[in-house]
Amino acid sequence: MTGEPWLEHNLTHEEYLKILDLMKREPNHLELALFGVMWSEHCGYKNSKAHLKKLPTKGPAVLQGPGENAGVVDLGDGLAVAFKMESHNHPSAIEPYQGAATGVGGIIRDVFAMGARPIASLDSLRFGDLTLPKTRRLLHGVVAGIGGYGNCIGIPTVGGEAFFHPSFNGNPLVNAMCLGLLRSDRIFKGQAAGLGNSVMLVGARTGRDGVKGASFASEELSADDPDKRPNVQVGDPFMEKLLLEALLEILDQDLVVGLQDLGAAGLTSASVEMAGRAGNGLRLDLEKVPLRETGLAPWEIMLSESQERTLLVIEPAKVPEVMAIFAKWDLLAVPVGEVTAGGDFEIRLNGETLARVPASFLTEEVPIYNRESQEPAYYAERKKADLTAINAYADFGDLLTKLLGSPNLCSRAFIYEQYDFMVGLNTVIRPGGDGALLRLPNSSKGLAIAVDGDSRKVFLDPYLGAAHSVAEAALNVAVTGARPLALTNCLNFGNPEDPEIYWQFTKATDGLAKAALELETPVTGGNVSFYNERDGEAIYPTPTIGVVGLLTDLSRRLTHEFKAPEDLAFLLGESLEELGASEAHYFLTGRDEGPVPSLNLGHVKNLCRLLETLAAEGLLQSAHDCSLGGLAVALAESALAGKLGLTAKWSGPISPGAAYFGESAGRVVVTLTPANRAPFLDFCARYALPVTELGVVGGDNLDLTYNDKTIKVSLEILRKAYYDSLAILAAL
């Protein structure tokens, strides 16, 4: 090999020297390509693994933690849930429809590769300034891609979030989460076990789409993005539906030794990871791989990320039965290799060995970097802020109306109404509130799910902001009445080779680890997405958190809307003089600044347990997490959802701006009947949680008075601002 061959595969010179030392020879082009994808950030986690080890991964309900296709948590009664979240950011920036669609398809395959039947999807989205035509085009394409794939495959999209900020102008974030149900004693793993067992490729044929997708995901975006469209996969949800059913059938018949989704790095990653987990070798015969087009080079076959493909390990005697089942579903199932002794990953073509690399070199010898980190220059400066804009605003009713019509606080109905969120008829709490809630089969139990992240707070304080994101997701599950059990994450950051970006990452993982530990929500898996930059401009750091929780009695579920006139409204939690990092301050000034609100994780844990208890006792009419936009926004959302107003009057030591629009953490608005007031207050005292009585539900207005500052706005005015804005803002 001549020149600098490592550069073509996004390897450094030092990494190439390590490869030479491991191999004791010069690798050929195909072997170097294998190292390139397996040692990429997207597959190898070389810049993140050192810090991911800090995350708590074990707990009484965790049946499978990180390291497999998805995590698994026990739900009791022999039932478990498999779930995971991953990113498809770069593909969505280049080709928004297919990028988002294949992100959904990929995460669905991760779940059914565990032997689970997928039951729901969620998404977490970040876009730039909505006044820009490009942002609107990306929004429409991504939403259409998510809906197109999920609707066609028949898996409901039951929740998610969307946030708009100029830091995402060049690099949107598309994070997809999926959940599936399985028997707790039938968890399948991606292991190439059993010497001599057949390796079968099932599903779609292999094409050139998605070639080098993993390497592409480990690069910054730039002006030549259109040239990278071939790196974006093309999805077929109808084929994935067939693949899902065929796989579940062969799993039910105990025909499978191991299975692995073909995602990032395609055949390479699936084969190497399966061999590595089992400590075996694996041989692939490329002439047996079904191709969609002629002329594919061996490296293209190995690095293609064509969708709707899965790799199986099957005992030889069972291969004909597996092939017959796939043929029934009109799908290909082709033996393409064999599990071997010795630990080598071997690629052959017509009997000739093209590449031979010990699988452990590709999985266990990935260089692990603990990069230089440096506190960003902006960090201390942003804490020094003039936070007087909110309190200086004359008409708080006008401010509330405008906030409810702003991109980050208005209704997301324009997005989720494009999704089928009722297919399967198990969606009990629909999109539009806090957490989603699904009915478990043949059970009175429910599964609650929420996805959250707070890019602004993480930017201003990565440690505290990441902890806020975990607490917010946990509370969004708790306000349904469920107990949070565990979490998955997707950690979206800029270039880790930049010391300031790496500082953000290390601090955020510290905060995530602390919150997950304190809230007893272990991390069962997830994804790291680095290099989210365009032309050197990084996104706001965005750890996205997905939490699952269990509700033991569906009849005790809680939703966020006001239920009946004369109900009493209370605020659980404490409001402090905290206007920094707030949506209202940004709305008025265009500046992200000020101290991030404090966070008492013990208080949040107690609040989650209190909500679970109050729901089980049947003492609440509604519950709604108070977060982005503050208390006034939370009250307006509950009033609009229930089509009932509120008359409230309370007092306190903080400023009116902080009382209405501050974003103090760990607060929930609840309503209850007057008859339940005494037992409700007794439980609050038992859990040592602050509680403020606000007022009485009813009427057609939001009529709020804090100290001497009043907000009085009709629900009709608020409704028009809240429900109509996003469709208008997103109009092309």
Side-chain angles (χ1 to χ4, degrees), residues 130 139 143 159-164 390 393-419 421-422 429-436 476 479 558-569 571 582-584 587-588 621-649 659-661 663 668-671 694-706 709-731:
L130 256 181
L139 171 63
V143 171
E161 57 154 5
F163 183 81
F164 300 89
I390 296 175
Y393 202 90
D395 185 346
F396 274 18
D398 178 68
L399 178 56
L400 175 60
T401 304
K402 289 178 178 176
L403 282 171
L404 286 173
S406 66
N408 286 332
L409 294 174
C410 64
S411 168
R412 269 59 183 133
F414 167 77
I415 295 175
Y416 65 71
E417 285 178 354
Q418 298 184 51
Y419 306 152
F421 47 80
M422 290 303 295
I429 297 181
R430 305 178 179 192
D434 296 293
N476 277 332
V479 293
L558 300 172
T559 54
H560 78 294
E561 69 271 13
F562 291 157
K563 295 297 191 302
E566 307 306 322
D567 282 349
L568 306 178
L571 175 65
S582 66
E583 184 66 27
F587 178 80
L588 291 175
Q621 290 279 74
S622 71
H624 186 28
D625 176 47
C626 179
S627 55
L628 199 67
L631 176 59
V633 169
L635 293 173
E637 289 170 340
S638 292
L640 290 171
K643 299 180 181 178
L644 286 167
L646 175 72
T647 300
K649 186 174 184 179
Y660 285 125
F661 302 111
E663 296 179 10
V668 170
V669 172
V670 298
T671 59
L694 298 175
V696 181
V697 172
D700 298 321
N701 300 307
L702 200 62
D703 190 346
L704 314 176
T705 301
Y706 171 79
K709 190 74 170 182
T710 296
I711 292 176
K712 186 170 184 178
V713 191
S714 74
L715 294 188
E716 185 56 37
I717 290 174
L718 296 177
R719 182 175 292 110
K720 184 173 182 181
Y722 182 66
Y723 287 110
D724 296 348
S725 294
L726 189 55
I728 295 171
L729 291 167

Side-chain heavy-atom pair L558, V479 within 4.5 angstrom cut-off: no
Set of ring-ring contact (aromatic ring centres under 6.0 Å, His included) partners for F587, sequence neighbours left out: none
Side chains of L139 and F414 in contact at under 4.5 Å (non-hydrogen atoms): yes
N/O donor-acceptor pair under 3.5 Å between N408 side chain and F164 backbone: yes
Side-chain heavy-atom pair I711, L399 within 4.5 angstrom cut-off: no
Verdict with supporting geometry, L718 and T401, side-chain contact (heavy atoms from CB on, under 4.5 Å): CA-CA 6 Å; L718 296 177; T401 304; 3.6 Å; yes
Pair T559-E561, side-chain donor/acceptor within less than 3.5 Å: yes
V696: which of L646, T671, L568, D567 passes side chain to side chain contact (heavy atoms under 4.5 Å, CB included): L568
Sub-4.5 Å side-chain heavy-atom contact between L628 and V633: no
N701 to K712 - nearest heavy-atom pair and separation: ND2-CE, 4.0 Å
Short side-chain to backbone donor-acceptor contact, T705 and T710, under 3.5 Å: no
Test side-chain contact (heavy atoms from CB on, under 4.5 Å) applied to D434 and I429, step by step: CA-CA 9 Å; D434 296 293; I429 297 181; over 6 Å; no
More than 12 heavy atoms from other groups under 6.0 Å of CZ on R430: no
With F661 via ring-ring contact (aromatic ring centres under 6.0 Å, His included) - residues at least two apart: F396
Y723 side chain vs A413 backbone, donor-acceptor pair below 3.5 Å: no
No-hydrogen, no-angle side-chain donor-acceptor test under 3.5 Å, E637 and H624: yes
K709, NZ atom: more than 12 neighbouring heavy atoms under 6.0 Å: yes
Crowding at CG, D395 (>12 non-hydrogen neighbours, <6.0 Å): yes
pair L644-P565: side-chain heavy atoms closer than 4.5 Å: yes
Pair listing, salt bridge (Lys or Arg N to Asp or Glu O under 4.0 Å) test, anchored in residues 402-411, at least two apart: D398-K402
Within-4.5 Å side-chain heavy-atom neighbours: V697 and S622: no
Pairwise side-chain contact, L631 with L704, heavy-atom cut-off 4.5 Å (strictly under): no
